[in-house]
Amino acid sequence: QVQLVESGGGLVQAGGSLRLSCAASGRTFSSYSMGWFRQAPGKEREFVAACSWRCATIYFADSVKGRFTISRDNAKNTVSLQMNSLKPEDTAVYYCAVRSGGFGADNYRPGGYDYWGQGTQVTVSS
């Protein structure tokens with residue numbers, strides 16, 4: 001059974017940093033792309049970042065470019081999201097996801113992913 005477990009969320013002041021991690025189990029994901037999405041109350045789930053199987057190609061949402069970085073360790077089946085200069089509008093539940101298809105436009109869409117974690121709450125206070 002495939003399982004993705006996020007960790008690292010919490011409460012932080014504006015301007016602060018958090019590092020989210022996602023551990024995958026149940027199969028080897030080294031050839032799959034991995035992504036992060038977020039969902040704020042009353043809003044749709046939105047794309048944050050995605051990383052190809054070796055992070056040779058990375059996508060970021062415009063809203064997080066220059067502030068967030070994504071990395072992965074295929075030996076450990078983990079993907080991380082380093083979030084710096086956090087803003088109150090970054091407050092959301094953050095989800096990691098795995099996509100088995102090719103890396104491209106579908107990495108921007110929630111529907112393009114096959115497996116999802118349960119999410120971790122990030123709250124940024126002003």
Side-chain angles (χ1 to χ4, degrees):
Q1 183 177 355
V2 173
Q3 188 174 22
L4 302 177
V5 179
E6 301 97 336
S7 61
L11 173 65
V12 64
Q13 289 187 332
S17 298
L18 281 175
R19 185 177 181 86
L20 305 183
S21 294
C22 174
S25 61
R27 66 183 306 166
T28 299
F29 293 97
S30 60
S31 61
Y32 293 178
S33 57
M34 301 184 81
W36 288 93
F37 287 76
R38 65 187 182 187
Q39 189 166 18
K43 295 188 176 181
E44 293 186 352
R45 191 167 297 190
E46 66 172 3
F47 171 78
V48 175
C51 174
S52 62
W53 74 282
R54 288 188 296 181
C55 280
T57 305
I58 295 175
Y59 296 156
F60 287 107
D62 288 343
S63 58
V64 306
K65 279 181 183 176
R67 299 188 298 123
F68 291 12
T69 58
I70 185 172
S71 60
R72 64 190 290 175
D73 184 336
N74 288 334
K76 297 181 179 179
N77 265 1
T78 59
V79 62
S80 298
L81 185 69
Q82 177 66 42
M83 306 185 296
N84 299 326
S85 302
L86 283 161
K87 304 175 181 180
E89 51 263 45
D90 294 318
T91 295
V93 177
Y94 282 70
Y95 299 89
C96 74
V98 172
R99 169 175 166 77
S100 60
F103 193 74
D106 284 340
N107 281 93
Y108 288 97
R109 303 187 304 109
Y113 290 78
D114 303 285
Y115 307 103
W116 290 86
Q118 83 291 345
T120 185
Q121 176 70 47
V122 171
T123 303
V124 184
S125 63
S126 57

Gap separating the [atom1] atom of [X] from the [atom2] atom of [Y], nearest 0.5 angstrom:
X: K87; Y: S126; atom1: NZ; atom2: OG; value: 14.0 Å
X: D106; Y: R99; atom1: CG; atom2: CZ; value: 4.5 Å
X: S33; Y: D114; atom1: OG; atom2: CG; value: 8.5 Å
X: Q82; Y: I70; atom1: CD; atom2: CD1; value: 12.0 Å
X: M34; Y: L81; atom1: CE; atom2: CG; value: 12.0 Å
X: F47; Y: W36; atom1: CZ; atom2: CH2; value: 12.5 Å

Name the one of D90, V93, V122 that satisfies side-chain contact (heavy atoms from CB on, under 4.5 Å) with R38?
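Running side-chain contact (heavy atoms from CB on, under 4.5 Å) over D90, V93, V122 with R38 returns exactly one hit, D90.
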
Over 60° means perpendicular and under 30° means parallel, so classify the ring planes of F68 and Y94, tilted if in between.
tilted

Pair Y115 + Y32: ring centers closer than 6.0 Å
no

Determine whether [X] and [Y] fall in the same hydrophobic cluster, where Ile, Leu, Val, Met, Phe, Trp and Tyr are linked whenever their side-chain heavy atoms lie under 4.5 Å apart.
X: V79; Y: L18; answer: yes
X: F37; Y: L86; answer: no
X: L20; Y: V64; answer: yes
X: V48; Y: Y108; answer: no

Decide if atom CZ of R19 counts as having more than 12 heavy atoms of other residues, nucleotides or ligands within a radius under 6.0 Å.
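Yes.
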
Counting only N and O atoms by type, is there a donor-acceptor contact under 3.5 Å from the side chain of [X] to the main-chain atoms of [Y]?
X: N74; Y: W53; value: yes
X: Y113; Y: N107; value: yes
X: E6; Y: C96; value: yes
X: T91; Y: V124; value: yes

Indicate yes or no: at least one non-hydrogen side-chain atom of L4 is less than 4.5 angstrom from one of C22.
yes

Testing the 3.5 Å rule here: is there a donor-acceptor pair between the side chains of Q121 and T123?
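Yes, because at least one side-chain N or O of Q121 sits under 3.5 Å from a partner of the opposite role on T123.
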
